[in-house]
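Only one structure is covered here, and it is reproduced in the block below.
Numbers restart at 1 for each chain; the letters A, B, ... are given by sequence-line order, proteins then strands.
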Protein chains: 2
Amino acid sequence: MIRVLLAEDQAMVRGALTALLNLESDIEVLGSVADGEAAWRELQRLKPDVLVTDIEMPGLTGLELAQRVRRHELPMKVVIVTTFARPGFLRRALDAGVGGYLLKDSPAEKLAEALRTVHRGGRAIDPELALEAWSDADPLNDRERQVLRLAGEGQAASDIAQQLNLSHGTVRNYLSEAIGKLGVANRIEAYRLARQKGWL
Amino acid sequence: MIRVLLAEDQAMVRGALTALLNLESDIEVLGSVADGEAAWRELQRLKPDVLVTDIEMPGLTGLELAQRVRRHELPMKVVIVTTFARPGFLRRALDAGVGGYLLKDSPAEKLAEALRTVHRGGRAIDPELALEAWSDADPLNDRERQVLRLAGEGQAASDIAQQLNLSHGTVRNYLSEAIGKLGVANRIEAYRLARQKGWL
DNA sequence: GCGTACGAGTGACAGCCGTCATCCGCTGCT
DNA sequence: AGCAGCGGATGACGGCTGTCACTCGTACGC
């Protein structure tokens, strides 16, 4: 019997996935939670065999959860189930030692299958995504990422400078650097590209 | 017996929702499809009582589907199930005469409940969203929307002008108008706000 | 037929953006 | 001590952005 905890913020999807997994005779959903903090609490209380988690959740993200599980050396596997086919996300997940990484685009049967594989000690990584993940690494450094995030919200260089305790000109230098590294024409395209790749 | 067709692009969610609905004894899922065109075909073939559809799908969106159903006067109800709490979307859905509009954030039981209500001829609209929808209408005109969409992709005024066969200056005038109407400081914020409201 | 509202364009101005060369201070290496 | 490397700052340049006042044509209302 595979004992599962499910973390997913959209209630309807959470309910539906629970229904789906409960159809499997060898899988038992111990509980389901809507955010990262709740997941962390229930994780320690219920001690499931596998944590199935989304990435984008209020509070702790699924990636941060996976990192915590690894850091505390909890004896359980983590399977990420997400909408985002972003190479950067997969890489961070692998660095956190997750057992599985599935896209919500892949067929429903794959989920139970992946849980079994991971429970046996194997890995279940979306194959096409796995290729991409090693092809292009994030070329941005910390400052560039910070600056790009804020610029993407529509903030001007001076606003960003104030928030990061940098000078107006330095912010523009970092933005220029980021734009150059990503091979695009302006901050907006840079933001969009970085976001799409899962780098910010 | 309520006969349902399900349209949802994410395969895993599609499978999970099917499992969820099949648990209900008075609901039968006739089929499920992954995009708008397929939904339109199956709609005519299977003649379900209710179409349950996502909004963001390849090809036809759920909103366009609902419009078609209305225009062809097909004898079925439409229930939208979406991630997006955007007033503009709800308003367009209501204009298209949908029977229900639910958020994936609301609990799973609500779905079956909503299907029954709608099947009886009632309406199932997410209550908080319903309020918002009538409060703020889209202040933008067609040109402003077009220009804003392209600006949001990082295009410069001159590029946009070329694509729309307008002059460089006119594009900037429209952008300025949009920025003013939305009460923000620049094109990026304008784009984000308009998008969040479901106006573009 | 006349006023007017509307879509589109023009020109000017101030300020912001993207780029680049250069500089400063600090850390680490040897 | 000497030097390279790095994070950050500076200043200048040209181009783009956001704003505004004004013009022009054309369709519409009466």
Side-chain angles (χ1 to χ4, degrees), chain A residues 86 88 91-92 95 136-200, chain B residues 86 88 91-92 95 136-200:
Chain A
R86 295 179 186 164
R91 185 171 317 206
R92 272 186 267 166
D95 288 346
D136 48 10
D138 181 356
L140 305 174
N141 63 35
D142 288 352
R143 279 309 199 192
E144 287 157 5
R145 262 192 300 276
Q146 281 179 59
V147 163
L148 209 49
R149 250 191 295 267
L150 296 172
E153 289 169 14
Q155 302 205 42
S158 332
D159 303 342
I160 299 174
Q162 226 171 329
Q163 270 172 76
L164 301 182
N165 291 317
L166 291 175
S167 94
H168 160 93
T170 302
V171 169
R172 284 163 62 201
N173 284 337
Y174 284 131
L175 274 171
S176 183
E177 264 297 299
I179 290 167
K181 283 182 180 176
L182 300 182
V184 295
N186 57 49
R187 56 179 67 194
I188 307 181
E189 289 182 1
Y191 176 79
R192 292 171 70 92
L193 178 56
R195 201 170 157 71
Q196 181 210 316
K197 292 282 191 179
W199 291 337
L200 52 303
Chain B
R86 295 181 186 161
R91 184 168 322 204
R92 272 186 267 166
D95 288 347
D136 49 10
D138 181 355
L140 305 174
N141 63 34
D142 288 352
R143 279 308 199 193
E144 287 157 5
R145 263 192 298 277
Q146 282 180 57
V147 163
L148 209 49
R149 251 191 293 267
L150 296 173
E153 288 168 15
Q155 302 205 44
S158 330
D159 304 341
I160 299 174
Q162 226 172 330
Q163 270 170 77
L164 301 182
N165 290 318
L166 291 176
S167 94
H168 160 92
T170 301
V171 169
R172 285 164 60 202
N173 284 337
Y174 284 132
L175 274 171
S176 184
E177 264 299 298
I179 290 168
K181 283 183 180 176
L182 301 183
V184 295
N186 57 49
R187 55 179 69 192
I188 307 181
E189 289 183 1
Y191 176 79
R192 292 171 70 92
L193 177 57
R195 201 170 158 71
Q196 180 211 316
K197 292 280 191 179
W199 291 335
L200 45 315

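The only member of Asn173(B), Leu166(B), Thr170(B) that meets side-chain contact (heavy atoms from CB on, under 4.5 Å) when paired with Arg143(B) is Leu166(B).
The two residues Arg86(B) and Gln196(B) have their closest heavy-atom pair at CG-O, 3.0 Å.
As judged by a 4.0 angstrom heavy-atom cut-off over every strand, Asn173(B) is placed among the base-contacting residues.
A salt bridge links Asp142(A) with Arg145(A); the closest basic N to acidic carboxylate O contact falls under 4.0 Å.
Of the candidate nucleotides dG9(C), dG7(C), dT10(D), dT10(D) has the atom nearest to the side chain of Thr170(A).
OP1 or OP2 of dG7(D) has not a single side-chain nitrogen or oxygen of Arg143(A) nearer than 4.0 Å. Of the side-chain N and O atoms in Ser167(B), one or more sit less than 4.0 angstrom from OP1 or OP2 of dT10(C).
The nearest whole Å value for the distance from the CD atom in Gln155(A) to the P atom in dC16(C) is 14 Å. Atom CG of Asn186(A) is separated from atom P of dG14(D) by 21 Å (rounded to the nearest Å). Here the P atom of nucleotide dC16(C) and the CD1 atom of Ile188(B) are 14 Å apart, to the nearest Å. Atom CG of Leu166(B) and atom P of dG7(C) are 12 Å apart (whole Å). Rounded to whole Å, atom C1' of dG7(C) lies 12 Å from atom CD of Glu177(B). Separating the CG atom of Leu164(A) from the P atom of dA9(D) is a distance of 10 Å, rounded to the nearest angstrom. Rounded to whole angstrom, the span from the CG atom of Leu175(A) across to the C1' atom of dC16(D) amounts to 15 Å. One interatomic measurement links the two molecules: CG of Asp142(A) to P of dG7(D), which rounds to 10 Å at whole-angstrom precision.
Crowding of Gln162(A) atom CD: a count of heavy atoms from other residues, nucleotides or ligands under 6.0 Å not exceeding 12.
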